[in-house]
Every structure is written in C-alpha cells, then in structure tokens.
Amino acid sequence: MVQVFILNMTFDIPVKILSLHLVVLSLILLAPHVRNLLELFVFGQAAKPLTPTALFRRAGFNRWAAGLQVVLGVWVAIGAAQISWTGYQEYGAGAPKPELYGIWSVQDFRVDGTLLPPLTTDEKRWQRIVFDTGGATTLQMMDGALVPVPADIADETLQMQQPLASLVIERPDDDTLVLSGELDATPTSIVAHRMDHDALTLRSRGFNWVQEAPYFR
C-alpha cells in the first residue's frame, strides 16, 4: 500500500487520501506484531507466538462480539456486492449500449465545404468520435486530447453541446458513419469508420508471460 500511495502521489491520481488511510490502517493492524517482525526480519531470531488479548473478561461477551463482527462483515459484503451490481448494470459492461457504440475514426472532415487535412495542429478537426455511454460522447482532437461532450441522439440526429452541434446521422453500412449539419453554426460534414476493437494492441497482442525486451507502444 505504501507503493500504491507513492504512485498516487507522483502520478497525481485522485485517490491519495484513500490510499493513505489504507496505509495507516495497515500500520495499526501491524502494530502488535512489530517486535516479532523486527526479530524475524532484522535480527534473524525466531518469532514468538502472539496470544491475542480477549476483548472482555466474560466469555459470553466475547462470543457476542465475535458474532457481531460476522454479522457486520456479511452486511458490508452484501452492500458492496449490491453497489457493484448496480454500477455494472447502470454504467459498467452490463449497461445498455448506445446506438452508435464504438470508436469511430474520422476519415473526411469538411467545414463549409472545405476539406480539413488531418494535421495535428488543427484545433477544429476531430480525429475520433467515441460513443461509450448514453447521453454523452467523447471527441478526440487532432492533438490527441480527449474531450467529453454531453450528447443525445433523437430522430436520427446527434445533438451536442460545447461544441454546439446538430448533425444528421446517416449509415451507409454498419461500419460507416456520416454526420452532416451545423457545428458551431457552420455547415459541417463528417465521414467516419468504425474501428475494429479486436485490432487494438491491448486485445490483439495477447498475453506474454516471458518476453526478452519491453514492448513500447
């Protein structure tokens, strides 16, 4: 957990406080065993058995305390499972997929009839369109930046905000998407093709238990 906490701090991952709490809780659990750990790992001596102290003097109270821990553990496990199942159905892999689900690579992008070439310096042209969940889409700009955008599909029209767009959807085939209409009050037409998910590196390369050199991608 110390390693996880360091990674969260150095890569600015937004679970720093949670990982710190887990480190502190781990230290509290290890505290009664510190002497044994030092003798075993530092001084090379045999570790002595540790007899936990009973919580109460009366055996009946201790049995009630143990039973309460079991009930609490079952309650937490059921709650966590319910939350996970709800998340899986609402926004996880089990959630309903939007009509245009997938990653679409933009091949043709025209603004007011002018073709925009795929230059990484172009701030208007899109590189990819990603439909993952309903009510939103993600635009990948030419510099690689991913921009989440609120979006709805109704009456075969894609409505977006920031940028403001109303684009009519046409599907010549299952793997081709044509959008035409207004984008930021300018006539725009876009032709995109669905990317094959199985061709992506994460899926196509497979698992390698032993490899002679790093695989840079």
Side-chain angles (χ1 to χ4, degrees), residues 7-19 82-205 215-217:
L7 290 174
N8 293 343
M9 294 291 289
T10 54
F11 284 87
D12 198 22
I13 300 174
V15 283
K16 304 177 184 69
I17 298 177
L18 173 61
S19 57
Q82 183 179 10
I83 292 174
S84 299
W85 178 249
T86 302
Y88 173 83
Q89 291 182 313
E90 291 183 355
Y91 51 83
K97 300 295 188 293
E99 179 183 352
L100 300 178
Y101 178 79
I103 304 173
W104 300 82
S105 179
V106 175
Q107 306 298 321
D108 189 282
F109 196 103
R110 298 175 186 267
V111 175
D112 205 9
T114 302
L115 176 65
L116 299 184
L119 303 177
T120 56
T121 54
D122 195 320
E123 297 181 356
K124 293 184 178 180
R125 193 187 191 279
W126 302 346
Q127 182 180 166
R128 293 185 181 91
I129 314 171
V130 182
F131 295 95
D132 189 21
T133 59
T137 185
T138 300
L139 306 177
Q140 185 174 28
M141 310 308 290
M142 293 306 300
D143 61 358
L146 297 173
V147 182
V149 178
D152 289 304
I153 298 176
D155 299 328
E156 298 300 321
T157 302
L158 175 63
Q159 303 284 348
M160 294 194 306
Q161 303 175 6
Q162 300 177 354
L164 183 63
S166 179
L167 303 170
V168 177
I169 300 172
E170 297 180 32
R171 299 287 299 277
D173 55 65
D174 289 340
D175 295 326
T176 303
L177 174 65
V178 179
L179 303 174
S180 57
E182 288 195 350
L183 174 63
D184 285 335
T186 305
T188 303
S189 63
I190 302 166
V191 179
H193 297 286
R194 189 196 304 269
M195 296 181 62
D196 182 8
H197 294 178
D198 292 330
L200 298 175
T201 303
L202 186 62
R203 292 192 176 190
S204 62
R205 186 169 183 267
Y215 181 72
F216 297 108
R217 58 195 185 277

(request) Apply side chain to side chain contact (heavy atoms under 4.5 Å, CB included) to Gln159 and list each qualifying residue two or more places apart in sequence or on a separate chain. (result)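 Applying side chain to side chain contact (heavy atoms under 4.5 Å, CB included) to Gln159 gives Thr157, Ser166.
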Selection [range] - residue pairs positive for salt bridge (Lys or Arg N to Asp or Glu O under 4.0 Å), sequence neighbours left out:
range	result
residues 124-145	none
residues 153-180	Asp175-Arg194
residues 92-108	Asp108-Arg110

List the atom pairs, with distances to 0.1 Å, where a side-chain N or O of residues 183-193 and a protein N or O form a donor-acceptor pair under 3.5 Å, not counting sequence neighbours.
| residue | atom | partner | partner atom | Å |
| --- | --- | --- | --- | --- |
| Asp184 | OD1 | Leu164 | N | 3.3 |
| Thr186 | OG1 | Asp184 | O | 3.3 |
| Thr188 | OG1 | Thr186 | O | 2.9 |
| His193 | ND1 | Thr176 | OG1 | 3.3 |

(request) Would you name the heavy atoms of Met160 and Ala151 that are closest together and state the gap between them? (result)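 Between these two residues, the closest heavy atoms are CG-CB, 3.7 Å.
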(request) Work out which heavy atom in Ser204 is nearest to a heavy atom in Ala199; give both atom names and the distance. (result)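 That closest heavy-atom pairing would be OG-O, 3.5 Å.
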(message) Rounded to the nearest 0.5 Å, what separates atom CD in Gln127 from atom CD in Gln140?
(response) 4.5 Å
Taking the side chain as C-beta and beyond, is there a heavy-atom pair between [X] and [Y] under 4.5 Å?
X	Y	answer
Leu177	Phe131	yes
Gln162	Pro150	no
Leu179	Ile129	yes
Ile169	Leu100	yes
Pro163	Leu139	yes

(request) Sort and list the pairs that fulfil ring pair (Phe, Tyr, Trp, His ring centres under 6.0 Å) and have at least one residue in residues 107-130, not counting sequence neighbours. (result) Phe109-Trp126
(message) So for atom CD1, which belongs to Ile17, do other residues, nucleotides or ligands contribute more than 12 heavy atoms lying within a distance under 6.0 Å?
(response)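 No - once you tally the heavy atoms of other residues, nucleotides and ligands closer than 6.0 Å, there are 12 at most.
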(request) For Tyr88, enumerate each residue passing the ring pair (Phe, Tyr, Trp, His ring centres under 6.0 Å) test, keeping only those at least two apart in sequence or located in another chain. (result) Trp85
(request) For Arg203, check salt bridge (charged side-chain N to carboxylate O under 4.0 Å, His left out) against everything at least two apart and list the hits. (result) Asp198
(message) Checking Leu119 against Met142 for the side-chain contact (heavy atoms from CB on, under 4.5 Å) test, could you report, in this order, the C-alpha distance in whole Å, the side-chain angles of both residues, the deciding distance, and whether it holds?
(response) CA-CA 7 Å; Leu119 303 177; Met142 293 306 300; 5.9 Å; no
(request) Verify whether one side chain among Ser105 and Gln107 offers a donor that lies under 3.5 Å from an acceptor in the other. (result)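 On atom types as modelled, these side chains qualify, holding a pair under 3.5 Å.
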